[in-house]
Amino acid sequence: MTSTNSPSSLFQVYLRLRPPISQQQDEQAERCLTVEKPEASQTHQDEPDLVSVPTHITLQPPSDARKRGVERFGFTQVFDESATQLNVFQETGVQSLVKGVLLEQRDGLVATLGVTGSGKSHTILGSKTQRGITQMSLDLIFKSLASTIKPADNTIPPILLASVAASDASESQMFTAQTFLEAVYGEPDRGRNSRAQTPMSSSRAHTPMAVWKSPLPNPLHGAPILNPLGPRDLLQYFYKTMAQSQTNLSPPSPRITSQTKHSQSPKLRNIPSSPVESHRANLASPTIKEPMPALIFPRRHMPMRASTLPRSPDVGHLTLDLNPHSEYIVLVSMYEVYNDRIFDLLSPAIVPGQGSAVSRQGATSQKDRRKALFFKPTEGSQDRKVVAGLRKIACSTYEEALAVLEIGLTERKVTGTGANSVSSRSHGFFCLEVKRRMRNKKTGEETWIGNTLTVADLAGSERARTAKTAGSTLAEAGKINESLMYLGQCLQMQSGLQDGNKTAMVPYRQCKLTELLFSNSFPSSSQSSINRHPQKALMIVTADPLGDYNATSQILRYSALAREVTVPRAPSAESILSSTLGSRKGSGGRHSPQPGLAEELEKALAEIERLATENEKLTVRLAEEEILRAEMETALIVSEDRCLLIEQEVREECWVEMDEKMEQERKRWQSAWDEQAGHNDEHIDKKIELLSQGFKIHQDPEPSSDERVEELEFENDQLRSRITSLEREITCRSPTKKSKSKTTALEPSRNTNILGRESDIEVALRRMDQLKLADSMFKTPSVDSPGKKQRKMATRKWDFAPEDDI
Ligand SMILES: Nc1ncnc2c1ncn2[C@@H]1O[C@H](COP(=O)(O)OP(=O)(O)OP(=O)(O)O)[C@@H](O)[C@H]1O
């Protein structure tokens, strides 16, 4: 087993066991973790002569599980359930990390890793009664800086912040806590007192915040627009204000010289006391024309509960001695790694025109609206990677810092509500940066340099895969599993390698989480960074001894500095035999084995011994194979998640592509259709034109009355002659009806007046029809078939049917 206290490890790894939440849980659950008693040689690193600390635990598989080997894990130190928050703070060496930040120009990093519910947040952020590592570190920093942190009224003047911002290498935006808290809560004085609730409070934020350019109208009611105090803005503003009032300062150089920056100078008395005032003055000033970017925060309503702020454990006795003549400033920033991207927790999501709450789910239903930040070396930080573009809040009191922390935590919670779990959807990073004013003795230029203590609360390795349905939930679960797997690989590599190999061998560039945790752990290779020390880091792994065996063993395998598999020794055959013989002796009082029997017994014993050893070896191998299999299973799950993600992305891409093609095709068809319709219209228009040209409407001239009379007389004559011919015909055909018909036919002809003629004609026509009908009825159907006759009748019917029916 490798040494668990290797100074060459990039991370010191501690294990903390969580006490049972209730007595019932303690009684019912099966315990899988046991802390081994410390060996004499295992002593605490800071107090080698005094304390022996436990460093190993054994993980016992549950009784109902298949036969598995007992695993033994080694850590820098193991804290059992009785360990207090202060024990953990002191014995993990967080104090030495703070010392590194304040005095040794060394970054520090504390991270917690563990299964959901194992106590990560409790360790890092505490509870309503107990402070966590973050609060204790903050308190220690502020207590140590008490004599140096100025001014006395705790108001950071803009000029001071401007000079800090000017020398900041991370392209950040800086606010004073007063300004920031005023933006969030709307009451300038509340932030000065302790507004901070316990970080464990369950309050939820409203809307992720929106950034707007001043002087655009504010779309959110009651939300103030504030000066963000970017370095350039601040300096520009400062010099412009100076010029406007009474000073004759020259334009700013990138570095601020000592003569320009004495806030106590009488020349600077008219500087607005806060950035809010600065901004108001700026807006009021006719000489300053450039619109400055501004920030909108939806107001929050959180009850002030100073009395509930936990004050214990107290870390006053750990205070560090600093040079009282140095000047320091504390900057708090927070970010989270969500879906392998970095987001600022103190910056709002950009949701223009939206004043209501926007959940993470809502945001991710399209794309995450927040701007992802880069972790990179910058112009001012060539050899050290920084998260660029963060919002940093300058805090002058412990309470202010806690209030800012509370806001960031609330943002993290809110953004995590898209799925079911709140805290485990992202890895949270809280950065406490302490900068010291430095002056170049030769040039008189001054700058602020500093280091950061980062506290990271990593997402729990819960069974996210059971919740991976689709979309953002799937992506979240996949990314968490993936990042934790890479972290496990890095931790395993870092503990087993010598210093020289580490940069090359630790695979920390695989995801954002490992990049953030490991990038600054290696000594810098650049010439310019002779003074930069690699960061000092520690990992606190939390575990519930009564929790799920599989999840716990996976985390322990990822994180332990050393690991081995042991098999519980079966009682040896000899001991069984001797005990059996002993018992026989005891019962019978006499024992005299025969020599042949004894020999046989010896042989059997030897054989049993051999078999037992072989069995033991095989069991160890089996256990190792089991572990390998479990690791492979994890890798497989991660790969499956990845495949699903890729598949989903490909599907989405295909969908988008198909949509585009369909749209193109639709447009093509539409234009062809329009073109064709145009042609048709043109064609028809031409035809109509041609036809209209060809048509000449002819109207007969109205006949004169004489002509009309003549015409009628002519018709009359014709009809009369026709009648005559018809009468003649009738007379020829039917002699019996001759006289009658003659009488009937001739009767009207006797009527000689003109009116009588018309009725004669009518009568004649009616008779003709009757004759036609009679004629057809009397026709002999000799040759025609009945079918034909029927058809004829039908035809007649057809002839007589009213026109509408036809
Ligand atoms: N050392 C401890 N002493 C007392 N209570 C504890 C301790 N550790 C954890 N707890 C309690 O256990 C519960 C779960 O702990 P916590 O919320 O810290 O888990 P977590 O690992 O952060 O879970 P998640 O990943 O879901 O955020 C809380 O109620 C917490 O107060």
Side-chain angles (χ1 to χ4, degrees), residues 14-26 29 33 35 57 77-92 94 110-136 197-204 308 310 312-313 336-338 345 360 405 408-430 455-464 466-467 476-477 479-481 483-484 487 513 539-548 551-552 554-556 558-559:
Y14 296 85
L15 177 69
R16 184 183 193 187
L17 303 186
R18 200 202 75 181
I21 290 176
S22 63
Q23 208 182 345
Q24 200 186 7
Q25 189 204 9
D26 193 18
L33 279 177
V35 182
I57 52 134
Q77 186 177 336
V78 176
F79 296 95
D80 66 14
E81 292 94 319
S82 62
T84 62
Q85 296 286 86
L86 188 61
N87 289 151
V88 176
F89 184 82
Q90 275 185 284
E91 290 172 36
T92 51
V94 181
V110 189
T112 51
L113 175 67
V115 180
T116 296
S118 59
K120 297 185 297 293
S121 307
H122 182 87
T123 305
I124 288 284
L125 299 164
S127 64
K128 286 182 180 169
T129 53
Q130 293 278 301
R131 298 198 289 188
I133 284 177
T134 314
Q135 292 97 321
M136 285 189 269
Q197 294 173 276
T198 63
M200 298 303 291
S201 85
S202 58
S203 60
R204 280 170 192 274
T308 64
S312 69
E336 65 175 344
V337 178
Y338 175 75
L345 284 173
R360 161 61 60 84
L405 184 75
L409 282 175
T410 318
E411 280 308 306
R412 188 181 172 208
K413 281 179 186 172
V414 165
T415 54
T417 52
N420 41 20
S421 174
V422 170
S423 60
S424 52
R425 293 284 152 193
S426 70
H427 307 297
F429 288 75
F430 321 122
V455 185
D457 182 14
L458 306 188
S461 68
E462 67 206 76
R463 304 250 137 177
T466 53
E476 282 165 0
K479 290 289 178 195
I480 290 171
N481 274 350
S483 59
L484 291 177
L487 174 62
L513 175 68
M539 176 79 69
I540 302 174
V541 181
T542 53
D544 177 8
L546 306 175
D548 178 49
T552 309
Q554 193 187 42
I555 282 289
L556 295 178
Y558 276 163
S559 55

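Order of appearance sets the numbers: ligands from 1, and atoms from 1 within every ligand. Counting from 1, the numbers follow the sequence of the chain as shown.
- In terms of polar-atom proximity, defined here as any N/O pair under 3.5 Å, Pro19 makes no such contact with ligand 1.
- In this comparison of Lys128, Glu81, His122, the heavy atom closest to atom 31 (O) of ligand 1 sits on His122.
- Every residue meeting the side chain to side chain contact (heavy atoms under 4.5 Å, CB included) condition with Thr84, not counting sequence neighbours, appears here in chain and number order: Leu86, Asn87.
- Although no hydrogens or angles enter the test, the distance criterion places a donor-acceptor pair under 3.5 Å between the side chain of Arg18 and the main chain of Gly117.
- Ligand 1 has no N or O atom lying under 3.5 Å from any N or O atom of Thr542, backbone or side chain.
- Neither the backbone nor the side chain of Ser127 comes within contact range of ligand 1; no heavy atom lies under 4.0 Å.
- Using a 4.0 Å heavy-atom cutoff, Ser118 is listed among the residues neighbouring ligand 1.
- The shortest side-chain heavy-atom distance between Thr552 and Asp544 does not fall under the 4.5 Å cut-off.
- Nearest-residue assignment for atom 15 (O) of ligand 1 (options Gly119, Ala83, Gly132, Ala543; heavy-atom criterion): Gly119.
- The N/O atoms of Gly117, backbone and side chain alike, include one that comes under 3.5 Å of an N/O atom in ligand 1.
- Residues Phe429 and Glu336 have side chains not in contact (no heavy-atom distance under 4.5 Å, counting atoms from C-beta outward).
- Every residue meeting the side chain to side chain contact (heavy atoms under 4.5 Å, CB included) condition with Thr123, not counting sequence neighbours, appears here in chain and number order: Arg16, Val88, Thr112, Ile133, Ile540, Thr542.
- Using modelled atom types, one side-chain atom of Lys120 and one backbone atom of Gly114 make a donor-acceptor pair closer than 3.5 Å.
- Looking at every heavy atom in both residues, Gly126 comes nearest to Gln85 through CA-NE2, 3.8 Å.
- Close approach to Val115 involves these atoms of ligand 1, each under 4.0 Å from a residue heavy atom: 21 (O).
- For Arg16, every heavy-atom contact with ligand 1 shorter than 4.0 Å involves the side chain, none the backbone.
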